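Atoms within a ligand are numbered from 1 in the order they appear, just like the ligands themselves. Computation of the quantities below employed the complete heavy-atom set of this structure, encompassing side-chain atoms and omitting hydrogens, waters and symmetry-equivalent molecules. This structure is a prediction, so every number in the text was calculated from the model and none was measured. One-based numbering along the sequence shown.
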Amino acid sequence: MSSPTDAPAIVPDAEFHDAFARVTAWIEDYYRDTRRYPVLSRAEPGDLVRALPAEAPLDGEPFDRIFDDFERLVMPGITHWNHPRFFAYFAISAAPVTVLAEALAAALDVNAMLWRTSPAATELEDVTLAWLRRMLGLPDAFAGIVYDTASIGGFTALAAAREALDLDIRARGMAGRADLPALRVYLTEHTHSHIEKGAIALGIGRENVVTIPVDDRFAMLPDALARAIDDDRAAGRMPMCAVATVGTTSTTSTDPVAAIRAVTRERGVWLHVDAAYGGPAAILPEFRWLLDPAHDADSIVVNPHKWMFVPVDLSVLYVRDPELLRRTFSLTSDVLTTYEAGVHNYMDYGLQLGRRFRALKLWFALRTYGVHGMQERLRKHIALAQELASWIEAEPGWSIAAPHPLSVVCFRYEPDPALEQTAVDELNVAIMHAVNATGEVFLSSTRLHGRVVLRIAIGNERTTQADVALAWDLLRREAVTVYRTFTAI
Ligand SMILES: *Cc1c(COP(=O)(O)O)cnc(C)c1O
């Protein structure tokens with residue numbers, strides 16, 4: 001039995017040094033040779049739970065034993081988001097230098113809830129978000145704040161939109177109020193689901209989330225939005241917020257933000273622009289048009305953890321009226337009373353009190369790559385996606401399923417026009433499973449006009465043309481094999 005006085009070392013010692021060196025070597029090796037892992041984990045449900053004891057160890061264990069188990073037990077259950085042939089959902093990657101930033105942030109373990117609880121964490125957030133704002137071509141009138149995810153940024157924007165209605169909801173709540181009209185949120189079937197979740201959490205109710213129709217390019221019809229808002233007003237409901245997406249999750253379509261802005265401005269409705277994935281493309285002069293019409297939106301979300309080589313999690317919300325955001329959330333407790341003027345206490349601008357030092361990894365990434373390096377990487381992804389689309393277009397039996405302006409391509413295999421559409425759906429799902437089962441690539445699917453389509457998203461900074469070509473080869477090969485078993489039945 002050890003006594004409290006000979007507790008384990010609590011300052012880094014030789015053992016820590018060796019452990020860190022082992023981890024560093026492992027990370028270097030991982031980045032160098034990620035392709036050796038199956039992209040999609042082959043774990044079966046419960047594998048890891050069964051492999052680990054039901055109780056925490058009573059006595060501490062040496063690091064080497066923990067790390068051995070990490071390699072032996074945890075790694076097989078990892079789906080490799082940082083793999084150059086991860087093409088599912090939105091492909092992402094953590095620039096190696098951001099791993100160092102995360103290690104430093106953990107070592108400092110600061111909580112940036114108030115300016116004084118770490119002035120540099122707050123001010124680095126101010127500075128990096130101002131850099132990013134200029135890179136995106138957004139006006140200086142926008143103030144930025146870092147949250148974990150776009151989901152929380154979107155929720156926060158909705159909360160601010162509700163506060164902007166001056167209905168005294170902050171004080172009186174919504175329940176049991178005969179004076180309160182139904183509050184309405186407008187989106188399309190392609191808007192990311194977090195907006196509807198936010199509406200649920202804020203007491204707006206799913207019935208008051210209005211789906212505006214889209215055109216054949218999956219973009220919102222602004223006239224239909226105008227009609228919906230006017231009809232709601234006429235019926236005594238209160239329009240609260242319209243959401244326009246720059247780069248939707250299914251196809252990367254972009255809503256006509258300028259026309260939507262004209263509709264919402266005329267009617268005094270909050271405009272939230274969800275540019276979680278598509279926003280970063282606006283750092284390219286040739287894609288400035290994506291965010292240009294969002295210049296006088298009320299709020300915009302951009303996710304550096306999606307397409308700016310910063311590891312999960314780091315999402316940015318820009319708002320035109322930070323004072324309103326503060327009014328939405330700030331409460332002062334005696335413990336947290338502050339005395340400094342002219343500083344940001346970021347706990348006042350959202351739900352959470354405690355805040356990680358997330359800006360550090362964004363700062364490392366922006367300095368390491370520079371604007372040009374970021375632009376080069378995004379351009380490469382877009383070019384690879386366009387090249388893949390040209391291969392698909394040229395191949396008999398395959399077709400492109402949606403416009404592909406950015407780094408995502410949606411497509412479908414339909415070898416015989418006589419096949420029932422539901423059979424084609426099943427065929428495409430079977431091809432996707434077969435391709436993913438090889439472990440060489442991981443891609444996902446979506447539904448457009450009710451039909452299954454396959455989807456390849458390019459976003460890892462180490463993805464090469466050979467990686468994309470390998471995915472395309474596998475798709476064609478597995479399509480033939482899977483279709484043969486289909487027709488044999
Ligand atoms: C990925 C995505 C989100 C959600 O992002 P999180 O940061 O994971 O919450 C929201 N909107 C769009 C358009 C997205 O592509």
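Note on Asp296 versus Arg320: no salt bridge recorded, every NZ/NE/NH1/NH2 to OD/OE distance being 4.0 Å or above. A salt bridge links Arg267 with Asp230: at least one charged nitrogen is closer than 4.0 Å to a carboxylate oxygen.
Residues meeting the side-chain hydrogen bond (donor to acceptor under 3.5 Å, both in side chains) test with Trp472, sequence neighbours left out: none. Shown here are the side chain to side chain contact (heavy atoms under 4.5 Å, CB included) partners of Ala402, two or more places apart in sequence or in another chain: Phe218, Thr251, Cys410, Leu448.
For the salt bridge (charged side-chain N to carboxylate O under 4.0 Å, His left out) condition, the pairs that include at least one residue of residues 448-470, sequence neighbours left out, are Arg35-Asp467, Arg85-Asp467, Arg377-Glu461, Asp425-Arg451.
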Which pairs of N or O atoms, one from ligand 1 and one from the protein, are separated by less than 3.5 Å, and what is the distance for each pair?
from	atom 1	to	atom 2	distance (Å)
ligand 1	7 (O)	Ala150	N	2.8
ligand 1	7 (O)	Asn303	ND2	2.9
ligand 1	7 (O)	His305	NE2	3.2
ligand 1	9 (O)	Ala150	N	3.3
ligand 1	9 (O)	Ser151	N	2.9
ligand 1	9 (O)	Ser151	OG	2.5
ligand 1	11 (N)	Asp274	OD1	3.3
ligand 1	11 (N)	Asp274	OD2	2.6
ligand 1	15 (O)	Thr249	OG1	3.3
ligand 1	15 (O)	Lys306	NZ	2.7

- Item | side-chain hydrogen bond (donor to acceptor under 3.5 Å, both in side chains) assessment of Tyr31 paired with Asn82 | CA-CA 8 Å; Tyr31 270 88; Asn82 217 358; 3.2 Å; yes
